[in-house]
Novice: 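Handing you a structure now.
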2 protein chains.
Amino acid sequence: MSDGDRTRTSYHHGALRRALLDGARDLLAERGAAAFSLSELARRVGVSTAAPYRHFTDKDALLDALAEEGYMAFHAGLEAAARAAAGPGDRIVRLGVVYLRFAEETPALFEIMFRDRPGRPSGPATFELLVTAVGQAQDAGALRSGQPPVVLARTIWALLHGLAILVGQGGFGKLGIDEPRERLVAESMAAFLRVRPEV
Amino acid sequence: MSDGDRTRTSYHHGALRRALLDGARDLLAERGAAAFSLSELARRVGVSTAAPYRHFTDKDALLDALAEEGYMAFHAGLEAAARAAAGPGDRIVRLGVVYLRFAEETPALFEIMFRDRPGRPSGPATFELLVTAVGQAQDAGALRSGQPPVVLARTIWALLHGLAILVGQGGFGKLGIDEPRERLVAESMAAFLRVRPEV
DNA sequence: AGGGCGATGTTAGAGTCGTCAACATGTCCG
DNA sequence: CGGACATGTTGACGACTCTAACATCGCCCT
């Protein structure tokens, strides 16, 4: 058999690093970021509690690696949405929807990604994507102009981030707010949009 | 001596609950929310590690109580800012500045307050405050109208929350964004404001 | 006044977790 | 084929949360 299998051939696992990251994603989703335990992860994957330290210096290092993968998926999702958009105005809304959906579907991963860890490299690339989309939408007259793309993009980013968090952790549910994502995004960005997309 | 002192008169402390909450605020600010330890808190206050359980069922219960106090201070700060405002338009900006400042000055407390805990009562009252201010500003022509106050207030809340988090944890520092709060808030809310406040 | 009782402390300990050191085992290269 | 290096395991340490059993204090009640 090939040694990428889940059943360790014997003493050595063969692909422990990958198995740990995959298992961590699941465990994180089940338990939440706060209750995530490295010991439990090791138990699940079927190795000793010391084994992960051969691949990650730290619990935080593992979480950082997971966040990094999350960033890639996030970025890819945004890029796909940008490509699939009908036009510059539609693109902005679609990016927002993807942003919200990501935070909603994998809240714990989202939390890990944006937690305060010094030296996190990613982010700027994704921000650039938004800046570009904003610039295009401004040129096309679909988005409010008068501010440089960077400023407007930063505002939209903050708005989406706030929405993501408040929606994601039910902060809005208590306020009696509950509507489909597209509508929520479009309504929230109404002040920026020149043409209202059909919702 | 009165028995509200910091030096326990003898066996009993006298005002342990208060001392724990006060100590927790400091410890939280020093260590951050993730590294906050109930044992260390007990050590600092000068009692055994089991003592806090006479006043709080749980570590989370203590943190919740602290968050509750935080909410009150937050709410009071917003109310004071609302009162001190020159007019409806200025009021909105001031509320935003207070929001940001609070998140920036006590980031760990802010994190505790908005973490996902079911059954957190507060929040709606504070949200109402914002809704009212938005409604007034709309009536005065200082704020974009066309949407019900609740919708616009929700959007502004999300925007502020996103800004608070991104600014607070340096997510913007990496992107080369660094400006005074008033300017940041005014710039971010430019799309909602009918008249630009002097910054 | 005295006695008891509830509130509020303490000590001791169980169970979990993160992490490390020392040892075992498998792989692969010279 | 033999040894070095990567990757596992065992065992242990210290810190943490939380509980149970015991100690002490203040206060109320007759």
Side-chain angles (χ1 to χ4, degrees), chain A residues 1-24 26-28 30-67 108 111-112 115 117, chain B residues 1-24 26-28 30-67 108 111-112 115 117:
Chain A
M1 61 178 134
S2 75
D3 53 356
D5 286 358
R6 33 200 70 251
T7 60
R8 60 249 152 279
T9 65
S10 62
Y11 199 86
H12 279 36
H13 184 285
L16 183 52
R17 185 187 162 92
R18 207 36 285 140
L20 284 172
L21 286 171
D22 291 343
D26 296 349
L27 186 57
L28 194 62
E30 286 178 39
R31 297 267 186 277
F36 176 86
S37 149
L38 199 50
S39 307
E40 186 176 1
L41 173 60
R43 227 172 292 135
R44 278 199 191 196
V45 173
V47 295
S48 72
T49 71
Y53 290 88
R54 296 293 169 194
H55 299 272
F56 303 95
T57 70
D58 220 320
K59 175 185 175 182
D60 276 335
L62 190 156
L63 256 14
D64 282 349
L66 199 60
E111 184 180 345
I112 291 298
R115 95 198 137 132
R117 292 269 304 160
Chain B
M1 62 177 134
S2 75
D3 54 356
D5 286 359
R6 33 199 72 252
T7 61
R8 59 246 155 279
T9 66
S10 61
Y11 198 87
H12 278 37
H13 184 285
L16 184 52
R17 186 189 161 92
R18 210 27 293 137
L20 285 172
L21 286 170
D22 290 343
D26 295 348
L27 186 56
L28 194 62
E30 286 179 38
R31 297 268 185 277
F36 176 87
S37 150
L38 199 49
S39 308
E40 186 177 1
L41 173 59
R43 227 173 292 134
R44 280 198 189 197
V45 174
V47 295
S48 73
T49 71
Y53 290 90
R54 295 293 169 195
H55 299 272
F56 303 96
T57 70
D58 220 316
K59 175 185 175 181
D60 276 335
L62 191 156
L63 256 15
D64 282 349
L66 200 61
E111 184 180 345
I112 291 298
R115 96 199 136 130
R117 293 269 304 160

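Heavy-atom basis, side chains included; hydrogens, waters and symmetry copies ignored. Note that the structure is a prediction, hence the values are computed from the model and not measured. Here is how names work: the chains are called A, B, and so on, in the same order as the sequence lines, proteins then strands, and each is numbered from 1.
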Novice: Is the phosphate of C:dG9, meaning OP1 or OP2, less than 4.0 Å from a side-chain N or O of B:S48?
Specialist: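 For C:dG9, OP1/OP2 do not have a side-chain N/O of B:S48 under 4.0 Å.
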Novice: For A:E40 and C:dC17, give me the distance from atom CD to atom P, rounded to whole Å.
Specialist: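 Taking CD of A:E40 and P of C:dC17, I get 7 Å after rounding.
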Novice: Of all the heavy-atom pairs spanning B:L27 and B:S37, show the shortest one and how long it is.
Specialist: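 Closest heavy-atom pair between B:L27 and B:S37: CD2-O, 3.6 Å.
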Novice: Closer than 4.0 Å, any side-chain N/O of B:S39 to the OP1 or OP2 of D:dT17?
Specialist: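 For D:dT17, OP1/OP2 do have a side-chain N/O of B:S39 under 4.0 Å.
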Novice: Can you tell me if B:S37 touches the phosphate of D:dA15, counting only side-chain N or O atoms and a distance under 4.0 Å to OP1 or OP2?
Specialist: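 For B:S37, the contact criterion (side-chain N or O under 4.0 Å from OP1 or OP2 of D:dA15) is not met.
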Novice: Quick one: B:R44 CZ to D:dA15 P, roughly how many Å, whole number?
Specialist: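 After rounding, the reported distance stands at 16 Å.
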Novice: How long is the line joining CG of B:L16 and P of D:dG26, in whole Å?
Specialist: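 From B:L16 CG to D:dG26 P: 15 Å.
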Novice: With a cut-off of less than 4.0 Å, is there a side-chain N or O of B:H55 near OP1 or OP2 of C:dA7?
Specialist: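 For C:dA7, neither OP1 nor OP2 has a side-chain N or O of B:H55 closer than 4.0 Å.
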Novice: So, does B:T49 get its side chain near the phosphate of D:dC18, meaning an N or O under 4.0 Å from OP1 or OP2?
Specialist: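 So the side-chain polar atoms of B:T49 never come under 4.0 Å of the phosphate oxygens OP1 or OP2 of D:dC18.
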Novice: Can you tell me the distance, in whole Å, between the NZ atom of A:K59 and the P atom of C:dG18?
Specialist: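 Value for this atom pair: 5 Å.
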Novice: Side chain of A:D58 only, heavy atoms from C-beta on: which candidate in C:dT19, D:dT9, D:dC18 is closest?
Specialist: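 For the A:D58 side chain, the nearest candidate turns out to be C:dT19.
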Novice: Within less than 4.0 Å of OP1 or OP2 of C:dC17, is there a side-chain N or O belonging to A:R43?
Specialist: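 True: A:R43 side-chain N/O within range (under 4.0 Å) of C:dC17 OP1/OP2.
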Novice: Do A:D64 and A:R115 sit within salt-bridge range, that is, some charged N less than 4.0 Å from a carboxylate O?
Specialist: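 Yes.
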Novice: Regarding B:D26 and B:R31, does a basic nitrogen lie under 4.0 Å from an acidic carboxylate oxygen?
Specialist: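 Salt bridge flag = no for B:R31 with B:D26.
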Novice: Can you tell me how far P of C:dT10 sits from OH of B:Y53, to the nearest Å?
Specialist: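 My rounded result for the distance is 14 Å.
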Novice: Please determine if B:E40 and B:R44 form a salt bridge, counting it only when a charged side-chain N lies under 4.0 Å from a carboxylate O.
Specialist: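 Salt bridge: yes.
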Novice: Between D:dT19 atom C1' and B:F56 atom CZ, what is the distance in whole Å?
Specialist: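 Taking CZ of B:F56 and C1' of D:dT19, I get 18 Å after rounding.
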Novice: A:F56 pairs by side chain to side chain contact (heavy atoms under 4.5 Å, CB included) with which of A:L21, A:L38, A:L66?
Specialist: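 Of all the options given, the one that passes is A:L21.
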Novice: Write down the distance between CZ (B:R54) and P (D:dC25), rounded to a whole number of angstrom.
Specialist: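 Taking CZ of B:R54 and P of D:dC25, I get 16 Å after rounding.
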Novice: Taking atom P of D:dT17 as reference, at what distance in whole Å does atom CG of B:L41 sit?
Specialist: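 After rounding, the gap between these two atoms is 10 Å.
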